[in-house]
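A short write-up of the structure that comes next.
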Amino acid sequence: MSRITINDIQVEVFKDATILDAAKEVGIYIPTLCHLDLEQFNIENKAGSCRICMVDVDTNGRKKMMPACCTPVEEGMVVKTNTPEVVEVRRTVLQLLLSDHPFECLTCPKSLDCELQALAKKFGIYEVTCTGKMSTYEIDHSSKSIKRDLSKCIMCRRCETVCTTMQTVGVLSGFGRGFKAVVAPPEMEPLTESVCVFCGQCVNACPTAALTEINYISDVWKAINNPNKKVIVQTAPAVRVGIGEEFGLPAGTEATGMLTAGLRRLGFDAVFDTNFSADLTIMEEAHELIERVKKNENLPILTSCCPGWINFLEFQFPELLNIPSTCKSPQQMFGAIAKSYYAEKIGVKPEDMVVVSIMPCLAKKYEASREEFIKDGITDVDYVLTTRELAQMLKEAGINLDKLKDEEYDNPLGESSGAAVIFGASGGVLEAALRTAYEWITKKTLGNVNFKDVRGMEGVKEATVDIDGLKVNVAVTSGLGNARKILTKIKKGEANYHAIEIMACPGGCLNGGGQPYIHGDTSILDKRLKAIYSIDESKVIRKSHENPYIKKLYDEFLIEPGSHKSHDLLHTQYFKKNK
Amino acid sequence: MAQQIRIALRNCGKLDPEKIEQYIAQSGYLALEKALFDNKPEDILKLIIDSGLRGRGGGGFPTGIKWQAAAKQKSDEKFVICNADEGDPGAFMDRAVLEGDPHSVLEAMTIAGYCIGANKGIIYIRAEYPLAIERLNVAIDQAYKMGFLGKNIMGTAFSFDISIKLGAGAFVCGEETALIKSIEGKRGEPIVKPPFPAEKGLWMKPTIVNNVETYASVCPIIVNGLEWFRGVGTEKSPGTKVFALAGKINNVGLVEVPMGSTLREVVYEIGGGIKDGKEFKAVQTGGPSGGCITKESLDTPITYENLIQIGSMMGSGGMIVLDEDDCMVNIAKFYLEFTLDESCGKCTPCRVGNTRMFELLEDITEGRGTQLTITKLETLANTIKKASLCGLGQTAPNPVLSTMKYFKHEYEEHINNKKCRAKVCRELLTFEIVADKCVGCSLCARNCPVFCIHGEPKTPFVIDQKACIKCGSCVEKCNFDAITVS
Amino acid sequence: MQIKNREDLKKYRESAIAGKTASDKNIKLLVGLGTCGTAAGADMVWAKLENKIKSDKISGVELVKVGCVGYCYAEPTVEVVYPDGESVLLGNIKEDNALDVIELHVKKKTNNASNIIKTNIASNIFKNGGKK
Ligand SMILES: Cc1cc2nc3c(=O)[nH]c(=O)nc-3n(C[C@H](O)[C@H](O)[C@H](O)COP(=O)(O)O)c2cc1C
Ligand code: SF4
Ligand code: SF4
Ligand code: SF4
Ligand code: SF4
Ligand code: SF4
C-alpha cells in the first residue's frame, strides 16, 4: 500500500494503482479521454496519449505534470488535480484536439454519444481559439460492417488495444507520423483488405465517430414503405436486454415486450424472434454433437453461431476448418426458414419477402452478405441493423420505446424457449445444447437445467458434465484472445474437450459490437447478463426441443434434425481466408 | 589557448579501428581486465557513480545511478543497449567514435553488463551509418574470436553477447523507450515513463540505455581512476564533451573539450571564429531540443545546468553557429519544422500543438503576425512543454521560447514593422529599383515571372509592389546593382 | 588467438605493445578514412600514397587507416607521426597534393607547409601509457 495526498486529502491505495485510481477512491474527478479500462476483461488502454488527465505531481520534491491515468502512485506523492496551471494545460490540450477535428456534431452519428463532444461541453469550450490545417482522409466504406472516418480519429489508441491485445487480431495500429499519424489497418488499406473479423469491438471502444457501423436505416425504411414487399423482422437475444438503455431505462431492463411493440409501430409486417431459430440451431447442433461424440470423431465440436469468430477461424486457423459445427448461425437459419417454410405458408414469393435482423453485432452485417447464404439470388437475410440503429429508427419515428405497452411476437417464428435467450451471453449456446443433448442421450428428463459453471464473464470457462456416466468435457471462451489460446491448444493436440463454445465478443453478444455504448462501464454488462438469465428463468419451456413451434416445423417441413432438407437450408461450410 | 582533451575520442584518428592489436596496445581491454579480475560488479558500479559521469546523449542523467537502478532489479534477464541512433541534425560524434574506435564501446558495454548483471548487449544504430556498422561488425567478430565477448569471457564466469540492430533512422527512435519498442519490432514510438527501462525495458526486463559517447568515456575512468576523471571538467559535470561545430564557423568539425569550457573558447579559440569576418549572433546548442546562446553568455561555462538555465540544453552536442545573416524567427521555424517532421504523432500536444506553433511562426515570417500571435505561441509552448509525452515534444518549443526571449526585437520587427533584418523572410522584403542606378536595360522586367516591372527602355524601371511575389529573380539578373532589398 | 585467462591477455598485450613499438620506428601516415574523410576523397589519397610508396620503394613508412579526427573543414586529413613522437596534422590533402605529403613531410620534415593544421597532438590519455 502507498499513501499519497490528492488535493490535500490523504488516501491509501494498492502499490500498482495509478493516480487516477487513487483519485476515484476519494471521489475526485479527473477528466480522461484515451483511457479505457475494461476491468472485467483485464484490458486497459494506457496509451497516455491524449494528455487530458494531466495533474500536478510532487514526488519528494521533484515536480512535474503527469498523466493521472498511467502514472503509478509513489509513497508520499502530493497530487493537485485542479490548479489553474493544470486547468489551463488541459483546456489547451482539448483546444488542440478540437482544432484538428471536423465540426460536424450536428450530423455526426456519434453526436450525444461522443466522449470528445461531452468533454468539450464539460470544459465549457464555446470557441475554438486555435485553428489551422485539418486532417482529411477518405472515408473507408469498404466493408458491410464498419465505417472508418479518420478525420475524427483522436489517436486514443483504444481500438488498437482492443483489436490487438484483447482480440489478438491486430488489424488496427498506429500508422504514419507527426500530424498525419492515425490508427489504421496496415498500409492504410481498407478494412476489407485486412484480416479484420468485424467483431466491432473497436467500434465499441472508439470515443468518437472515427469508427462506427455501416448504417442501413434508410434501406430498411425504403423496404418498409414499399407496398410490394412483405417485410419481416427478427430480434437477436441480446437486443432485448440492451435497447432499453437507449431510451433512458436502467441497464438490465428486460425490454422484450416494448421491443416487439416498437417494431410493430415501425411498420414491419411481422415481428419474429431470432430466439426461435436459436432453438432450431440447438436441434441441429445437439444432433451433430451427439453424432460426433458417439462416433468419437472430429472432436471437439465448436459452436458456429458467431460470425466474428468464424471469420477469425478462417483467417487464423485454416487447418481447423473442419471442426466447427456446420450449423448456420440463428440469424441465417431464421432467414432460410422464413423465405421457405414461412413464405410458402403465407403464399409470398421469397423474392417479395424482406428479412431484417436486429442484431447486437457488426459481424452479422458481414455474415448476411456471405455468398454461401445467397441462393438463386435470394439472400437469407436482407438487412442487418444493430441495436443502436434500431433505437435510432424508433427515435426518428417518434416512438418512445419506454412508454410502450408490452406486446407478443408473431407466430409461427416467434415462440422460443429459455434455452434460446441465453444465446445472448457467453456460455449460453453450450448450456442450451447440453439441456437438449442430455435428454436426447439419456432419454430422461433433465431436472436441473442450470449449468452454472459455464455462465459468467470470465474469458475461459471449463466444466465436465456427467451425462449418464458419459463424461463430457466442455469449454466456453469469449473474446478472440481467449479463443486463440484454446485453438492453439487444439492445434497442438493438447485439448481434451468434446465441445467448445466460442464467441468473438468478450462476455458474448450482450457485449456485441452493435450494442448501446457502455463507455468503459463494464458493470452495465453484468446487468445485461442478469437480465438474460432472468428471462430464461421466467420461461415455462426452457429446453429448445420442447418448443412446440419447433416441433411443428420439423413435423411439417424439415422432418428431423440432420435431414436432407435441414442440410440444405440450415448448414454451411467454411473457407480459408488469405491473410 | 584552450585545449582539446580527448577522452571519448582518445583513439579516433590514432589507430586502425579494424586492428584489435592496436587497440590493445593502447590500453584496450585493460578496463575490462581490471573489472573482471580485480573488482566485483559493486566496486565498478561505485566507481562509475563516484566518477560523476553523466549521460552524453542529451539528458545528462548520472550514468552510475542508472546502472545501479538496473543492478538492483532481480530478473532472469537484463539488457545493455547502446544508443547510436544519432538523429540530431548536425551531430555526428557517435559516428566518429564507432568508426574510429569501435572496441571502446564494446568494452564499455561488456563492463556495464558485468555491473548490472546482464548478458546481452544490443547496439541500436541508424542504417544510414554503413561504415560504422561495418567497423562494428569487424570489431565484434574480433572480440568474439579473442574471447572478449561470448561465453566465459577470458575464462571467467561472466558471459556477454553483443548484437547490432539497425534503426530506420527516425529521430524519435533515439528516445530510449521508442528505441526499445523499435528493437521489439513494434512501431518506434515512446511510451509513458515510469516504469523506466531500468525496471521494465526491453521485453519488460531491466535495461540500461546509454549513448555511444557515454560508453566511450567509461574505460578511461576505470583505467585511470576517478580522481583523474574528476580532475577534468567541473564538479557537477566532470570529464569532457564532444561538440559538433557547424554553421557560420571557420573550423567546422568535432571538438572534445573539458566540461566548463566557455563558448568563447570553443567558438573563437578552437573553432577559429566566425566565417568571413561576420558578426557573431548566437549559437544553437541541443539541436531541435535546445535553444540559442547569445553574445552575453559567451563566457558562461558550458555545463548541463548552465545551459538549461540560459534556456538551452546540452543535447547530444550539436553547436550551430549563427551570424548576422541568420533570422532568428526563421531559425526557430527551421527547428520546429524538423520536430514536426520527426514527431511520432502519438500525443496531442506534440502532434497538433507543434503544428499550430509552426503555423503561428509562419504567420510571423509571412507578415500576418500580431501581438496575439506571440501570446498564443507562449500559451501553446507552455502546454506542449508540460504535457507532451516524451522528450521530443517536451523540448520542441525551446528554440521558439529562447529566440523569443533573447531576440524579442526581431520578432517585434517582423510583427510591427513587417521587416526581417537578416533579409531571410522573403514575404517581408521590399524590392526596389534605384532610379539613379537603373540604366533601363529591361533585363529585370523580362525575367520577372509575374511581369510586375514596368518602364520605358533607357529610363528607370519601377516594380509594382502590389504584384511583386518577392522571388528575387530581378536582383539576380540586374547587372548594375540597381535593385535594393530591404 | 583466444584469450583464456589473464596471463594470455598479458602476453598478448605485451606482444601488441612490442608490435606498436616496432612500428613506431616508422614514419606513420594516419589517413582519416571515416565517412567524412571518404566523402572528401580520402580513398584516392590513400591509393596515391600507397602507389607512391610502392613504386618508389620508400622504406620506413607505414600507412594507417584511422577514423575521423574531427577536422571536417579540412578533410581529407593525413597525420604524419615521426619516430621521435613529433607529428604534423595535414589538412585538405587531395589527389593533386597527396604526393606533397611524401615530398614535404616524409622525405623531409617541413614545419611551415600551408596544409599544416596542428603539430604534436597529444596522443595517449592513459596516465601510464598503457603499460601496467
Ligand atoms: C526525441 C529524442 C531523441 C533522442 N535521440 C537520442 C540519440 O539519438 N542518441 C542518444 O544517445 N540519445 C538520444 N536521446 C536520449 C535517450 O532517450 C536517452 O536518454 C539516452 O540514450 C540515454 O543515454 P545517456 O544517459 O548515456 O545519455 C533522445 C531523446 C529524445 C527525447
Ligand atoms: S465525433 Fe464527436 S466531436 Fe466529432 S463530430 Fe462527431 S460528435 Fe462531434
Ligand atoms: S472489428 Fe474487431 S477485428 Fe476488426 S478491426 Fe475492429 S476489433 Fe479488430
Ligand atoms: S479510431 Fe477511434 S478508438 Fe481508434 S484511435 Fe481513433 S479515436 Fe481512438
Ligand atoms: S459474439 Fe455475438 S455480437 Fe460478437 S461477433 Fe459474435 S455474434 Fe456478433
Ligand atoms: S511528444 Fe511527440 S514524439 Fe513524443 S510521444 Fe508525443 S507525439 Fe510522439
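Below, chain A is the first sequence line, B the second, and so on; all start at residue 1.
- Taking OG of B:Ser27 as the start and CD1 of C:Ile17 as the end, the distance is 7.0 Å to the nearest 0.5 Å.
- The residues C:Lys28 and B:Asp16 are annotated as not salt-bridged, no charged nitrogen and carboxylate oxygen being separated by less than 4.0 angstrom.
- In this structure, chain C has no heavy atom under 4.5 Å from any part of B:Glu256.
- The closest side-chain heavy-atom distance from B:Phe37 to C:Leu9 is not below 4.5 Å.
- Proximity to chain B (any heavy atom under 4.5 Å) is shown, for C:Leu33, by both the backbone and the side chain.
- Atom OH of C:Tyr12 and atom CD1 of B:Ile20 lie 6.5 Å apart (nearest 0.5 Å).
- For the pair C:Arg13 (side chain) and B:Ile24 (backbone), a donor-acceptor distance under 3.5 Å is present.
- Listed here is the closest heavy atom pair of B:Tyr144 and C:Gln2: O-OE1, 4.3 Å.
- Looking at C:Lys65, both its backbone and its side chain come within 4.5 Å of chain B, counting heavy atoms on both sides.
- No side-chain heavy atom of C:Asn5 sits under 4.5 Å from any side-chain heavy atom of B:Met154.
- Minimum interatomic distance between B:Ala25 and C:Ala16 (heavy atoms only, all atoms of both residues): CB-O, 3.6 Å.
- When each of B:Asn251, B:Asn250, B:Leu254, B:Val242 is scored by its heavy-atom pairs under 4.5 Å with chain C, the top score falls to B:Asn251.
- Ion pairing between B:Glu21 and C:Lys20 fails under the 4.0 Å rule for side-chain N and carboxylate O.
- At a 4.5 Å heavy-atom cutoff, B:Leu9 makes no contact with chain C through either its backbone or its side chain.
- Not a single donor-acceptor pair under 3.5 Å links the side chain of C:Arg6 to the backbone N or O of B:Gly155.
- Between C:Lys10 and B:Glu33 there is no salt bridge, since none of the side-chain N atoms of the basic residue sits less than 4.0 Å from a carboxylate O of the acidic one.
- Smallest separation of non-hydrogen atoms from C:Thr38 and B:Leu131: OG1-CD2, 4.5 Å.
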- Task: Please step through side chain to side chain contact (heavy atoms under 4.5 Å, CB included) for the pair B:Arg95 and C:Thr35, ending with a clear verdict.
- Result: CA-CA 8 Å; B:Arg95 187 185 74 200; C:Thr35 296; 3.7 Å; yes
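- Residue C:Lys109 qualifies as enclosed at atom NZ: its count of foreign heavy atoms under 6.0 Å is above 12.
- For the pair B:Pro17 and C:Gly67, the tightest heavy-atom approach, listed with the atom from each and the gap, is CD-N, 4.2 Å.
- Both the backbone and the side chain of C:Ile3 come within less than 4.5 Å of a heavy atom in chain B.
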- Task: Test C:Val64 against B:Gln22 for side chain to side chain contact (heavy atoms under 4.5 Å, CB included), laying out the working first.
- Result: CA-CA 11 Å; C:Val64 184; B:Gln22 295 194 6; 4.1 Å; yes
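- Contact of the C:Val69 side chain with the B:Arg6 side chain is registered, since non-hydrogen atoms from C-beta on lie closer than 4.5 Å.
- One finds the SG atom of C:Cys36 at 7.0 Å from the CD atom of B:Glu99 (value rounded to the nearest 0.5 Å).
- Contacts between B:Tyr23 and chain C at a heavy-atom distance below 4.5 Å are absent for every atom of the residue.
- In B:Lys40, the NZ atom is not crowded: 12 or fewer heavy atoms of neighbouring residues, nucleotides or ligands sit closer than 6.0 Å.
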